[in-house]
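Below: one structure, written as structure tokens.
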Amino acid sequence: MSDEFDYYEVLGVDRNASVDDIKRAYRKRAMQYHPDRNPGNAEAEKRFKQCAEAYEVLGDAEKKSRYDQYGRAGLRGSPMHDFSHADAGDIFDMFRDVFGMGDLFGFGEGQHSRGPARGQSLRAMVQIRLREVATGATRTLEVKRLELCSTCGGSGAKAGTKPVQCKMCGGQGKVQRGGGFFRMITECPQCGGRGTVIADPCPDCRGHGRRPQRKTIEVSIPPGIHSGQQIRLSGQGDAGEPGGPRGDLFVVIDVADDPMFERDGNNLFCRVPIGFAQAALGGDVEVPTLTGPYTLTLSAGTQSGEVIRLSGKGLPDLHGHRSGDILVQVIVEVPRKLTSRQKELLREYAESEGKSVLPERKGFLERLAKYFANGGKQ
Ligand SMILES: [Zn+2]
Ligand SMILES: [Zn+2]
């Protein structure tokens, strides 16, 4: 394990955070410090790995409870990943559930068949706006991926020539090492297990059989997606060896912060300042939604901090369950500057208020009187 740091601090959650909160916090930070977004930034990479380590512990009920009781010492003997040597892709793969893989997009790596090697899977990152989470979106990506060389058809041999049998292994692809008792069969180092070598390489791919090429790929992003989730485009990664399957392309979604709304699952939270006269008298106030302004009718006597729920006006659910809500928190703003006319009106109001004390104020005044009567005790 790397140097000491507090797992809760690294994820920015408190000790009572729920499993979902921890998962969400990790997802957010993993995106923030992802090496693709912070190229060459060693500090970000360090944080990225610390977050993974923290999530491995706090995301697991048993490890979390041991950490809560005994700190790191409690984790001795628990199986842990070594994140300091893992790359970002590996880390994403370790926590598939956090990044939403497997549940919707039929994530499933595998097929370790013995035939020609499969192409590498690639990863691309796409940023969308919150508004696009509501509607879904399409993006055109330009991806650099390996394609079979059209000159040699992927063989790597110059036109008119063919790969020749490997001399070291006699075409077996495997060699025996050591002698007597300890014989080991390993992949032939000369031909890499293919059994053939290229004597006269194709000039276009220099014998590799594949060449990097730019491809334009369209990805459609479903409504309701969350930051950190991936969309798998099957067979859109690198070409495999001739006859082998292509790799996949994973598109990691990053939802940009919105200037108006904070997202919590499928709910959207927004603060709307109103004047105190408006709060007291009630009336119509315009509030934002993702599809445009919405007129909210406040009842008379709306309190500062009150939250009004606009049912079903939040984000759609990725799995087609009910949509989220918009939660509007009304903040009553007290004016800092008044005209003399306004002051006059307010003084008049204050005088009338003196005669009829508001209920909250009344309760407070009673508590205050009792407090001083008892000399500050209870
Ligand atoms: Zn070629
Ligand atoms: Zn060989």
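Order of listing sets the numbers, starting from 1, for every ligand and every atom in it.
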Taking only residues two or more places apart in sequence, or in another chain, which ones meet Arg246 in a side chain to side chain donor-acceptor pair (under 3.5 Å)?
Glu147
Do the side chains of Arg66 and Glu62 get close enough for a salt bridge, i.e. N-O under 4.0 angstrom?
yes
Which of these passes side-chain hydrogen bond (donor to acceptor under 3.5 Å, both in side chains) with Tyr7: Glu53, Lys63, Lys64, Glu56?
Glu53
Quick one: the SG of Cys149, the Zn ion (ligand 1), SG of Cys205 angle, rounded to 10°, please.
110°
Is the Tyr26-Tyr55 ring centre distance short of 6.0 angstrom?
yes
Mind listing the protein N/O/S atoms less than 2.8 Å away from the Zn ion (ligand 2)? Waters don't count.
Cys166 SG, Cys169 SG, Cys188 SG, Cys191 SG
Cation over ring, Arg72 on Phe5, under 6.0 Å and within 45°?
yes
Could you check whether Thr295 and Asp284, counting side-chain N and O atoms only, form a donor-acceptor pair closer than 3.5 Å?
no
